[in-house]
Amino acid sequence: MTKQLMEIVLPRLARPLYQHLEQFQLGRLDELQFTKKFEKELQKQHHWLAQRGIDVAKAAVAIHAAVIVLSMPGLRSEAQEANVPLEVLEFKAIREAAADIEQNYGMEKARAIQSISRLVARYGE
């Protein structure tokens, strides 16, 4: 794949995420249904990348970073409501994502944090 991985992952996740979110906001999905649909979409994207030869840990990093980037409006709102800097919530999300990658894909947590942070900084603005 010649494009940057994030440039492939972001649009592939954005549409289904926003469709599921819209269904949730309209009351057509409850929180559990939304979570299950979104998790299924993430697994689908991970499988799609793995089939194309992308290392599973790198795919997980890209997917987690994309989710954080796509969640930025919600993170901004939450930060404003809690009266904390956005970076606090952003880093918390990055640490949680890195812990998941460490646990499920064996990538060192510090490396995962660095990789996700770099992608969020580049694509999150």
Side-chain angles (χ1 to χ4, degrees):
M1 302 195 142
T2 57
K3 282 186 168 183
Q4 288 289 333
L5 193 53
M6 280 290 283
E7 292 173 16
I8 295 167
V9 171
L10 274 170
R12 288 185 57 87
L13 281 178
R15 186 177 328 135
L17 170 62
Y18 289 124
Q19 287 173 345
H20 297 324
L21 189 57
E22 182 178 47
Q23 295 299 308
F24 176 69
Q25 290 171 337
L26 292 172
R28 296 182 185 148
L29 294 175
D30 62 28
E31 193 170 332
L32 181 61
Q33 290 170 317
F34 171 79
T35 300
K36 285 183 178 182
K37 283 186 174 282
F38 190 57
E39 285 175 1
K40 186 176 180 180
E41 187 61 41
L42 295 177
Q43 290 170 353
K44 179 180 161 186
Q45 296 304 319
H46 195 268
H47 179 73
W48 184 83
L49 291 168
Q51 283 184 317
R52 279 149 184 80
I54 304 299
D55 175 76
V56 293
K58 286 183 181 181
V61 165
I63 289 169
H64 277 288
V67 168
I68 294 169
V69 168
L70 294 170
S71 300
M72 280 301 193
L75 288 173
R76 281 188 187 96
S77 177
E78 188 178 337
Q80 187 174 14
E81 286 176 17
N83 199 28
V84 298
L86 170 63
E87 295 79 10
V88 170
L89 297 180
E90 183 181 87
F91 191 63
K92 179 182 177 195
I94 291 169
R95 281 194 331 260
E96 290 172 1
D100 179 71
I101 292 169
E102 178 183 46
Q103 180 180 358
N104 293 302
Y105 302 101
M107 180 183 280
E108 184 182 317
K109 188 175 179 180
R111 181 173 171 222
I113 287 172
Q114 182 182 33
S115 298
I116 296 167
S117 296
R118 190 177 314 115
L119 292 171
V120 169
R122 181 172 179 191
Y123 292 94
E125 293 300 320

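Computed from a predicted structure; not experimentally measured. Start at 1 with the first residue, then count along the sequence. What's counted below: heavy atoms across the whole structure, side chains too, no hydrogens, waters or symmetry copies.
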Asks: Distance from I63 atom CD1 to K44 atom NZ, nearest 0.5 Å?
Replies: 12.0 Å
Asks: Looking only at heavy atoms, which two atoms of V56 and A50 are closest? And how far apart?
Replies: CG1-CB, 4.3 Å
Asks: Below 3.5 Å, can you tabulate the donor-acceptor pairs from side chains in residues 30-39 to any protein atom, sequence neighbours excluded?
Replies:
unit_1	atom_1	unit_2	atom_2	d
D30	OD1	L32	N	3.1
D30	OD1	Q33	N	2.7
Q33	OE1	D30	N	2.8
T35	OG1	E31	O	2.9

Asks: Can you tell me how far apart NE2 (H20) and NZ (K40) are? Round to the nearest 0.5 Å.
Replies: 9.0 Å
Asks: Below 6.0 angstrom between ring centroids: does that apply to H46 and Y105?
Replies: yes
Asks: Enumerate, atom names and distances included, each donor-acceptor pair closer than 3.5 Å involving a side-chain atom of residues 82-90, sequence neighbours excluded.
Replies:
none

Asks: Can you give me the closest heavy-atom contact between I68 and A97, atom names plus distance?
Replies: CD1-CB, 4.4 Å
Asks: Determine whether V67 and H64 make a side-chain contact, defined as any pair of heavy atoms from C-beta on separated by less than 4.5 Å.
Replies: no
Asks: Between CD of E41 and CZ of R12, what distance do you get to the nearest 0.5 Å?
Replies: 8.0 Å
Asks: Looking at CG of L70 and CZ of R15, how far apart are the two atoms once the value is rounded to the nearest 0.5 Å?
Replies: 12.5 Å
Asks: Does atom CD of Q51 have more than 12 heavy-atom neighbours from other groups under 6.0 Å away?
Replies: yes
Asks: Can you tell me if R52 uses its side chain to pair, donor with acceptor, with the backbone of W48 under 3.5 Å?
Replies: yes
Asks: Which heavy-atom pair separates A65 from V120 by the least distance, and what is that distance?
Replies: O-CG2, 4.0 Å
Asks: About how many Å separate CD of E108 and CD1 of I113, when rounded to the nearest 0.5 Å?
Replies: 9.5 Å
Asks: Kindly write out the residues that satisfy side-chain contact (heavy atoms from CB on, under 4.5 Å) with A112, not counting sequence neighbours, or none if the list is empty.
Replies: A98, I101, M107
Asks: Could you check H47 against Q43 for side chain to side chain donor-acceptor pair (under 3.5 Å), going step by step and ending with a plain yes or no?
Replies: CA-CA 6 Å; H47 179 73; Q43 290 170 353; over 6 Å; no
Asks: Quick check for you: to the nearest 0.5 Å, what is the distance between L5 atom CG and L119 atom CG?
Replies: 8.0 Å
